[in-house]
Structure formats: structure tokens, C-alpha cells
Amino acid sequence: MEWAVRVQILSQMGISEVPSQYIQPPKNRPESVTENIADLSCKHVPAVDLCSEKESVLPAIREACREWGAFHVFNHGVPTKLLDGLRRACLPFFNDFQMEDKLKYACNPNFAASEGYGSRLLVSSENETVLDWRDYFDHHTLPLSRRNPSAWPHFPPEYRELMANYSDEMRVLAQRLLALMSESLGLKASCIEDAVGEFYQNITASYYPPCPQPDLTLGLQSHSDIGVITLLIQDDVGGLQVLKDGEWLLVDPLPNAILVLVADQTEIITNGKYKTCVHRAITNASKARLSIATFHDPAKTVRISPVSDLVSQSSPPLYSSVLYRDYLSSWYSNAPEGKRNLDKLLLDTSK
């Protein structure tokens with residue numbers, strides 16, 4: 001059983017102050033938190049209609065990946081019924097299960113990103129690590145050899161089937177998006193996927209309980225995703241922020257849209273032409289929030305480096321190659337603290 005206290009328990013206790021281990025240092029705290037967190041929005045993450053002509057889709061994706069590292073997609077082919085059904089199915093585990101039943105699905109605390117129910121993502125012996133105001137359930141979904149639905153919640157009855165179907169739909173969409181991202185750079189459609197190889201996919205349902213001091217906490221601290229591409233859906237509460245030009249901007253939930261986040265390995269593969277998205281989740285005092293993120297990573301044995309078609313004398317490689325196992329180990333062993341793990345691989349191109 002994982003030893004970390006579940007955040008939902010703290011929230012339900014009706015505490016007026018959060019425990020010290022959840023208090024962010026001043027430099028990391030949200031600048032302002034209001035009861036109506038939609039008031040924090042000003043600029044908007046781009047949205048791309050995948051049913052549009054490719055002549056308009058490719059430039060839109062190119063600009064979004066260069067300028068934001070994030071964009072919404074709609075008309076993406078994933079059934080709305082599946083999106084809504086999975087959001088509904090994930091809530092009973094957090095809201096209706098007794099804690100003793102939830103803990104039967106607890107993560108192994110000794111291994112990073114182990115499957116199951118947890119609250120603390122990073123494996124660290126440092127007591128000063130600040131904790132996120134979040135509980136989650138992580139599902140190992142691809143390759144199929146990792147998929148074990150018996151390790152997932154058994155209630156509601158359709159939960160496991162919905163999660164498996166959603167996994168398959170996300171794989172197809174991720175492949176489609178990577179092909180469009182490749183083509184938008186003038187590469188063959190399979191270029192990025194060829195560099196990645198077989199997807200290792202995890203799906204994480206994150207539950208952010210109401211927080212009595214949202215100005216001191218984060219639901220998820222600032223970071224960029226370590227893999228290739230992340231696909232995220234959220235409820236209508238809102239709380240995800242992306243870093244754009246030094247400013248934290250709230251990502252408005254769009255009905256039936258899926259948010260695409262460029263992740264670290266794609267920035268390496270594209271030699272920095274496409275930027276990984278630094279993001280975080282803020283909390284609020286009145287409403288619980290649910291999001292479901294689908295991560296697509298390479299196998300640990302894959303070596304990632306800039307693709308040759310994007311490297312030349314005038315455009316030298318910006319990153320050293322890295323074995324994904326080593327990159328993964330580095331990220332999970334060190335709290336992100338708002339920094340980009342990717343920057344450790346930057347090469348000196350001034351010589």
C-alpha cells in the first residue's frame with residue numbers, strides 16, 4: 001500500500017489550512033486564484049479542425065507546435081459518447097468507493113509510475129518534496145502485453161471496457177497527429193512515429209479535490225511531459241494552465257475537444273522546431289475537478305535524437321541523443337520544480 005495520505009481525505013475532513021507538505025514555495029504559487037477561475041483566461045490555446053482540408057490543417061498545427069506546444073483538436077473521430085462515458089465512469093471510483101476499497105488498487109510506492117491508485121508521483125527520499133493536491137489512478141494500456149483490466153476499478157460495470165476502447169482510440173489519434181506534425185515539417189508522414197517505435201501508453205485519471213487554500217497549492221506542479229505526445233480531456237471545471245511567453249494561461253475546457261500537448265521527445269526529434277508544453281494545474285476552493293491524460297512514450301530501449309532530415313550545417317543538432325530509459329529515470333528521480341528536464345540535453349551550438 002502506498003504510504004502517502006490521500007488528498008481527498010484531507011479535503012473531506014473540512015480542514016481550513018493545508019498541511020505544510022502541500023504548500024508551494026512563493027515563486028511557484030499561483031499569482032491569483034478566484035472563485036470563478038474562468039476569469040483567469042485571456043489568450044486562448046489554438047484549436048484545429050481535423051476535418052478541414054490538409055492545406056489549412058498543416059499550417060495550423062505547425063504554428064501551434066512552434067508557438068504553444070499545445071492545441072485543441074475537434075472533429076477528431078473519437079466518439080463523443082466514449083468521451084462522456086469515460087468521464088462519467090471515472091468519477092465513482094473517487095466519489096463513491098470507500099477508502100478501504102480504493103486502497104485495494106493502491107500503487108506500489110517503491111516504483112515510479114506504477115499502475116493503480118495513488119497521490120504521490122515521484123519516488124524521492126527527500127522529505128522537503130512539495131506534494132501535489134491531487135489523487136490519481138494510472139492505467140497501463142499499451143502495448144497489449146501491459147494491459148491488465150483486472151487491475152482497474154470494477155465499478156461501474158462498463159469501466160474496464162470503456163478504458164480499453166478509449167486506449168485504442170487514443171492510439172489511433174496519436175498516430176494521426178504525429179503524421180500531421182511530421183508532414184507539417186515537410187517530413188514523410190511516418191517520420192516521428194518511426195523515430196519513436198511502438199507506443200507505451202499510460203492513461204491517468206486525475207482527481208483534484210476542493211482545496212481550502214488554493215493560493216498556496218498546486219494540483220500538479222509545473223512540468224513538461226516526458227514522452228512524445230499527450231492527449232487530454234477534462235471536465236468543465238477548469239484548472240489546467242500552460243506557460244506562454246512567461247505567463248500562465250488557463251486552458252478553457254472546450255466541449256468534445258481533445259487537448260494535444262507536445263512532449264519532450266518530440267522536441268528532441270524535431271530538433272527544437274516544435275516545443276514541449278510546460279503546464280501545471282491549479283486548485284480551487286469549491287469544486288472537484290477531473291482530467292484524463294493519455295501519455296504516449298517510446299520503449300525504454302529506444303534512443304531518441306534529432307531526425308537527420310532536420311539537421312544540417314546551417315541547422316546543427318540542438319540536443320544530444322538519449323536512451324529513453326535514462327531520460328525517464330532522470331525525470332522521476334528529480335522533482336521538476338518548474339524546470340525542463342530537456343534542457344540537460346542541450347548542446348553548445350555557439351562553437
Side-chain angles (χ1 to χ4, degrees), residues 41 43-87 141-142 162 165-185 187 189-193 196 199 201-206 224-225 227-236 238-244 249-267 269-270 273-279 281 290-297:
S41 283
K43 303 173 186 175
H44 296 283
V45 171
V48 179
D49 183 352
L50 293 185
C51 276
S52 298
E53 295 294 326
K54 188 175 284 189
E55 289 75 12
S56 63
V57 170
L58 294 183
I61 287 179
R62 180 165 56 247
E63 181 177 3
C65 290
R66 284 178 170 171
E67 299 299 324
W68 289 81
F71 55 98
H72 283 111
V73 290
F74 55 101
N75 289 325
H76 40 63
V78 182
T80 300
K81 182 178 180 180
L82 178 58
L83 300 178
D84 292 341
L86 188 65
R87 277 188 286 248
T141 45
L142 290 175
L162 283 170
N165 290 342
Y166 186 75
S167 164
D168 295 339
E169 291 281 355
M170 290 298 100
R171 175 184 57 79
V172 171
L173 180 58
Q175 291 172 322
R176 181 182 179 188
L177 289 166
L178 290 182
L180 290 170
M181 290 163 66
S182 295
E183 290 182 283
S184 70
L185 287 170
L187 305 170
S190 64
C191 183
I192 296 177
E193 188 176 352
V196 173
F199 283 148
Q201 183 196 72
N202 284 21
I203 299 179
T204 302
S206 293
S224 59
D225 290 340
V228 178
I229 188 171
T230 302
L231 305 177
L232 182 138
I233 60 174
Q234 52 182 331
D235 61 16
D236 60 359
L240 178 70
Q241 293 184 322
V242 298
L243 187 64
K244 176 76 167 81
L249 304 177
L250 190 73
V251 180
D252 290 322
L254 297 183
N256 304 324
I258 295 173
L259 182 68
V260 181
L261 298 174
V262 177
D264 292 356
Q265 307 313 305
T266 295
E267 180 166 334
I269 292 167
T270 63
K273 296 189 182 302
Y274 287 172
K275 301 297 184 183
T276 188
C277 178
V278 177
H279 54 285
L290 177 77
S291 70
I292 303 171
T294 306
F295 304 96
H296 297 87
D297 296 4

Could you check if a side-chain atom of L261 sits within less than 4.5 angstrom of a side-chain atom of F295, using non-hydrogen atoms only?
no
Rounded to the nearest 0.5 angstrom, the CG-CG distance for D297 and L142 is 11.0 Å
K54 and E183 ion-paired at < 4.0 Å
yes
Can you tell me how far apart CG (L187) and OG (S182) are? Round to the nearest 0.5 Å.
5.5 Å
Where Y274 and M181 come nearest, the two heavy atoms and their spacing:
CE1-O, 3.7 Å
Would you say the side chain of L240 lies within less than 4.5 Å of the side chain of L250, judging by non-hydrogen atoms?
no
Please find the pair of heavy atoms, one from F199 and one from Q175, that lie closest to each other, and give the distance.
CE1-CG, 3.6 Å
Minimum heavy-atom separation for I233 and A257, please, with both atom names.
CG2-O, 4.1 Å
CG/L86 to CG/L82 distance, rounded to the nearest 0.5 angstrom?
6.5 Å
Just how far is it from atom CG of L180 to atom CG of L185, taken to the nearest 0.5 Å?
11.5 Å
Might you point out which heavy atoms bring S52 and S56 nearest each other, and give the distance in Å?
CB-OG, 3.5 Å
Stepwise side-chain contact (heavy atoms from CB on, under 4.5 Å) test for T230 and H296:
CA-CA 6 Å; T230 302; H296 297 87; over 6 Å; no
How long is the gap from OG1 on T294 to CD1 on I258, to the nearest 0.5 Å?
8.0 Å
Would a distance-only check, ignoring hydrogens and angles, find a side-chain to backbone donor-acceptor pair under 3.5 Å from S184 to P59?
no
Heavy-atom closest contact (Q234 atom, V251 atom, distance):
NE2-O, 3.6 Å
Would a 4.5 Å heavy-atom cut-off, applied to side chains only, mark Q265 and I229 as touching?
no
I'd like to know if the side chain of T266 and the backbone of V228 have a donor-acceptor N/O pair within less than 3.5 Å.
yes
State which residues pass salt bridge (Lys or Arg N to Asp or Glu O under 4.0 Å) with R62; sequence neighbours excluded, sorted by chain then number.
none
Is any side-chain heavy atom of F74 closer than 4.5 Å to a side-chain heavy atom of L50?
no
Got a donor-acceptor contact below 3.5 angstrom from the H279 side chain to the D225 backbone?
no
Passes side-chain contact (heavy atoms from CB on, under 4.5 Å), V45 versus V242? Steps please.
CA-CA 9 Å; V45 171; V242 298; 4.1 Å; yes
H76 side, atom NE2; N256 side, atom CG - distance, nearest 0.5 Å:
6.5 Å
Between W68 and K275, is there a cation-pi geometry (under 6.0 Å to ring centre, at most 45° from the normal)?
no
Donor + acceptor pair across side chains of Q201, S167 (<3.5 Å):
yes
Set out, in order, the CA-CA distance, both residues' side-chain angles and the distance that settles side-chain contact (heavy atoms from CB on, under 4.5 Å) for V78 and M170, then state yes or no.
CA-CA 8 Å; V78 182; M170 290 298 100; 3.7 Å; yes
Can you give me the closest heavy-atom contact between L231 and A174, atom names plus distance?
CD1-N, 4.0 Å
So, does R87 use its side chain to make a donor-acceptor pair with the main chain of L290 at under 3.5 Å?
no
